[in-house]
Amino acid sequence: MTKQHPAWSPYDNNGGTCVAIAGADYCVIAADTRMSTGYSILTRDYSKICKLVGIPYSFVSHVVGNFTVGERADKCVMASSGFQADVKALQKLLAARHLIYQHQHNKQMSCPGMAQLLSNTLYYKRFFPYYSFNVLGGLDNEGKGCVYTYDAVGSYERVGYSSQGSGSTLIMPFLDNQLKSPSPLLLPAQDAVTPLSEAEAVDLVKTCFASATERDIYTASSPPLSFSALCDGFFVTVKMQLW
């Protein structure tokens, strides 16, 4: 009789939910702070939001002309759910590639440029992919809010709002109902940014999480949310209680 061994997988799903909403001159990105495996909570204070640039560890920036090589971008943020070990590896690789870009061009990469870099990076690993589900948000070259949503192998789309993670199936129908983003198939193309003000977008995101936490055990309820807001070129990260 052949012994049955439990299936082993190089991946794990650490849960969590990310939401991003783009406006006329801002982008709001939020994620819960719970990291789980199975029915166990590993930590209640883990940020899933990463400011994409520079080397994330002990790196000393230096100045080239009027530009500081290695400084963090003020117009681009990524939120990721899935397997957090893969997410960290992905963030480290993107930081290194962005640093190379800064040395070669003496400027920071734009948010649309970072979106393409993330897509290429994920597609390159498509045969053994990073088990991460990403939302990239920020301000484009015209100062408008932009959100890019991805699958695990690099297929991406620019949208007005998006959600990834274990609670996304609960949050996306609510956002569709509230925001009614135009179809990308419509001609002529319509602007995907939402008509809400920044304060209204933050309130909407809080409502999304308050609802999702009632039905998804992997989305935290009591710990604060990690909020990142990009507006007029300024980047702010805060922690905010749902209630």
Side-chain angles (χ1 to χ4, degrees), residues 8-22 27 29-31 35 47-57 70 72-105 107-142 144-169 171-172 175 181 183-185 189 192-193 228 230:
W8 179 84
S9 172
Y11 296 119
D12 190 11
N13 190 347
N14 298 126
T17 304
C18 309
V19 176
I21 297 177
C27 180
I29 302 175
M35 184 168 68
S47 176
K48 300 177 180 69
I49 297 176
C50 173
K51 200 173 178 184
L52 285 173
V53 224
I55 293 298
Y57 304 108
R72 292 183 177 272
D74 291 326
K75 298 185 179 181
C76 192
V77 184
M78 182 174 75
S80 307
S81 65
F83 185 28
Q84 292 301 322
D86 277 2
V87 170
K88 283 297 183 184
L90 177 61
Q91 291 172 356
K92 187 176 180 180
L93 179 59
L94 290 174
R97 290 187 173 174
H98 185 267
L99 182 62
I100 293 171
Y101 179 91
Q102 290 182 77
H103 279 292
Q104 291 177 341
H105 300 280
K107 65 178 182 180
Q108 293 182 357
M109 192 178 294
S110 65
C111 189
M114 184 63 76
Q116 184 65 60
L117 174 62
L118 176 56
S119 175
N120 294 349
T121 304
L122 293 172
Y123 186 73
Y124 176 78
K125 286 272 290 180
R126 63 191 180 280
F127 297 116
F128 187 26
Y130 293 111
Y131 193 58
S132 65
F133 302 93
N134 308 288
V135 176
L136 185 73
L139 302 178
D140 62 14
N141 297 326
E142 298 177 356
K144 295 181 179 179
C146 54
V147 170
Y148 298 88
T149 185
Y150 294 79
D151 67 6
V153 291
S155 177
Y156 77 111
E157 178 185 7
R158 181 170 177 172
V159 292
Y161 57 88
S162 182
S163 178
Q164 292 280 13
S166 57
S168 62
T169 53
I171 290 177
M172 281 304 294
L175 291 177
S181 179
S183 170
L185 301 179
V193 299
S228 294
L230 289 155

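Only heavy atoms go into these numbers, but all of them, side chains included; no hydrogens, no water, no symmetry mates.
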Taking every non-hydrogen atom, the tightest pair across [X] and [Y]:
| X | Y | value |
| --- | --- | --- |
| Cys111 | Cys146 | SG-SG, 3.6 Å |
| Leu175 | Val19 | CD1-CG1, 4.2 Å |
| Gly15 | Asn13 | N-OD1, 3.0 Å |
| Leu122 | Asp151 | CD1-O, 3.8 Å |
| Gln116 | Tyr156 | OE1-OH, 2.8 Å |
| Leu139 | Cys27 | CD2-N, 4.4 Å |

| field | Set of residues satisfying side-chain hydrogen bond (donor to acceptor under 3.5 Å, both in side chains) with respect to Ser155, sequence neighbours excluded | value |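 If we apply the side-chain hydrogen bond (donor to acceptor under 3.5 Å, both in side chains) test to Ser155, skipping adjacent residues, there are no hits.
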Taking [X] for the side chain and [Y] for the main chain, is one N or O donor matched with an acceptor at less than 3.5 Å?
| X | Y | result |
| --- | --- | --- |
| Gln164 | Ser81 | no |
| Tyr148 | Asn134 | no |
| Ser80 | Phe133 | no |
| Asp140 | Glu142 | yes |
| Ser119 | Gly154 | yes |

| field | Ring geometry between His105 and Tyr101 (parallel below 30°, tilted from 30 to 60°, perpendicular above 60°) | value |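 Aromatic pair Tyr101/His105 classed tilted.
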Are any non-hydrogen side-chain atoms of [X] and [Y] less than 4.5 angstrom apart?
| X | Y | answer |
| --- | --- | --- |
| Leu93 | Tyr130 | yes |
| Thr17 | Ser163 | yes |
| Gln91 | Leu94 | no |
| Asn14 | Phe83 | yes |

| message | Once ring pair (Phe, Tyr, Trp, His ring centres under 6.0 Å) is applied, do any residues pair with Phe128, and if so which ones, sequence neighbours excluded? | response |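 For Phe128 the ring pair (Phe, Tyr, Trp, His ring centres under 6.0 Å) partners, ignoring immediate neighbours, are Tyr11.
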Rounded to the nearest 0.5 Å, how far apart are [atom1] of [X] and [atom2] of [Y]?
| X | Y | atom1 | atom2 | value |
| --- | --- | --- | --- | --- |
| Leu118 | Arg97 | CG | CZ | 10.5 Å |
| Lys48 | Cys18 | NZ | SG | 6.5 Å |
| Met109 | Met114 | CE | CE | 5.0 Å |
| Ser132 | Lys125 | OG | NZ | 10.5 Å |
| Met78 | Leu90 | CE | CG | 4.5 Å |
| Asp12 | Gln84 | CG | CD | 10.0 Å |

